[in-house]
Amino acid sequence: MTMVRPRVLEARPADLQLAAEVLQAGGLVAFPTETVYGLGAHARDAAAVARLFRVKGRPADNPVIVHLAGLDALGQVAAQVTPLARSLAAQFWPGPLTLVLPARGDVPAVVTGAAPTVGVRVPDHPVALGLLAAADLPVAAPSANRSGRPSPTTAAHVTAEFGADVEVVVDGGACRLGLESTVVDARGRVPVVLREGTVTREDLGLGLRGVPAGRSSAAPGAGTSTAASPGTRYRHYAPRCPVELVAPGQGGIRAAIRARAGEHVGLVAAAPADAVEAVAVGGRVTVLATFHDAVELGRRLYDALRRGEQAGVDVIVVESVPEAGVGRAVMDRLRRAAGQLG
Ligand code: TXA
Ligand code: MG
């Protein structure tokens with residue numbers, strides 16, 4: 001059976017105009033952002049968003065993020081913009097930070113998961129911003145993967161995931177960050193992190209107070225995950241083969257490969273490829289990615305998981321990174337990919 005493919009567009013102005021018209025007409029358009037590819041639908045068109053949920057296989061109680069072309073559009077979906085939201089938006093938008101705010105009554109319940117809040121962000125990607133400006137709409141866009149799967153960081157990932165279930169994929173190359181946005185409840189006086197991302201707790205603490213991040217925890221509630229995002233309840237980011245996390249260092253990798261004797265191991269490890277290959281000698285090992293730090297692992301992780309799947313490995317072994325800065329977001333995703341719900 002030949003797979004029917006969606007229409008893949010480049011990101012020239014005429015392509016963005018066409019994609020914008022598809023959104024306006026209630027169609028589904030996948031597009032790149034600085035974090036991951038999103039699957040967009042007209043946020044005021046409840047039927048379009050309902051189809052988005054069906055295509056993704058997404059639980060109805062998991063709200064989607066509304067993407068805006070700029071800060072000025074915030075009033076189109078938020079009923080109230082708190083001083084905290086104003087300050088965070090001024091500092092981090094366009095960028096990988098989603099703000100949860102009281103929703104306007106006319107935002108469809110399918111977008112908000114029938115909650116009184118809405119998550120919003122302005123993405124930092126010229127293609128996303130060009131598309132949002134051309135469509136002149138708030139665009140509801142979850143990550144462009146079937147529910148539970150790794151997020152897509154290239155147009156090819158999206159195409160492989162959805163085939164012709166989406167009308168258009170705008171190809172803007174590989175995503176710069178590779179991890180989904182930080183989600184923050186911005187209704188109160190201090191930000192409450194609902195999902196970790198590349199805007200770190202340290203960034204939020206420093207940004208708000210102008211004091212070293214270590215001291216931000218002195219304020220009650222600051223930066224703590226008291227109420228996780230609905231989406232973080234579900235198994236996520238998981239490829240079709242098991243993922244095993246090992247401690248940092250080559251000892252952990254060697255032990256994992258030994259324990260998997262006879263199996264085909266996919267490896268994601270923190271060392272130059274030749275060093276990892278040397279460790280892997282003797283086993284049936286495919287190096288899926290190497291990285292120097294948590295930021296690089298974050299950028300490459302989902303692609304590595306998908307390539308392991310394609311290579312048909314029995315298990316993907318991933319070397320852990322320290323839980324500091326972006327490492328916290330990376331380890332959150334990895335634990336979920338490994339089936340250790342958080
Ligand atoms: O970087 C990103 O955020 C990407 C790109 C496409 O923008 N989008 C993305 O969407 O990751 P999604 O649907 O895969 O994840 C959205 C997360 C979920 O955990 C969801 O529960 C949470 O944001 N969220 C959305 N609206 C919310 C709300 N009103 N209250 C609490 N959490 C919310
Ligand atoms: Mg997602």
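Whatever order the structure lists them in is the order used to number ligands and atoms, beginning at 1. Just so it is clear, the values below take in all heavy atoms, side chains as well, and ignore hydrogens, waters and symmetry mates.
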### Message
If you apply the rule side-chain contact (heavy atoms from CB on, under 4.5 Å), what do you find for L74 with L101, and how did you get there?
### Response
CA-CA 10 Å; L74 195 47; L101 287 168; 4.3 Å; yes

What do we get for [X] next to ligand 1 when only non-hydrogen atoms under 4.0 Å count, side chain, backbone, both or neither?
| X | answer |
| --- | --- |
| T117 | both |
| S143 | both |
| D185 | neither |

#### Entry: Under 3.5 Å donor-acceptor, R146 side chain and E161 backbone
yes

### Query
Would you say R121's side chain and L68's backbone share a donor-acceptor pair under 3.5 angstrom?
no

### Query
Do any nitrogen or oxygen atoms of T33 lie less than 3.5 angstrom from nitrogen or oxygen atoms of ligand 1?
no

### Task
Identify, by atom number and element, the atoms of ligand 1 in contact range of H67, meaning under 4.0 Å from any of its heavy atoms.
5 (C), 6 (C), 7 (O)

### Message
Regarding atom 13 (O) of ligand 1: of the candidates R58, E180, E34, R187, which has the closest heavy atom?
### Response
R58

### Query
Looking only at non-hydrogen atoms, which of S181, G113, G38, A141 approaches atom 8 (N) of ligand 1 most closely?
A141

### Query
Are T112 and ligand 1 in contact, using a heavy-atom cut-off of under 4.0 Å?
no

### Task
Could you tell me whether R336 and D332 make a salt bridge, using a distance below 4.0 angstrom between a side-chain N and a carboxylate O?
yes

### Query
With a cut-off of 2.8 Å, does any N, O or S atom of S143 fall short of it relative to the Mg ion (ligand 2)?
yes

### Check against side-chain contact (heavy atoms from CB on, under 4.5 Å), V36 and N145
CA-CA 10 Å; V36 301; N145 52 277; over 6 Å; no

### Task
Please test S181 against T35 for side-chain hydrogen bond (donor to acceptor under 3.5 Å, both in side chains), starting from the C-alpha separation and ending with a verdict.
CA-CA 6 Å; S181 64; T35 60; 5.8 Å; no

### Message
Could you check whether E180 and S151, counting side-chain N and O atoms only, form a donor-acceptor pair closer than 3.5 Å?
### Response
yes

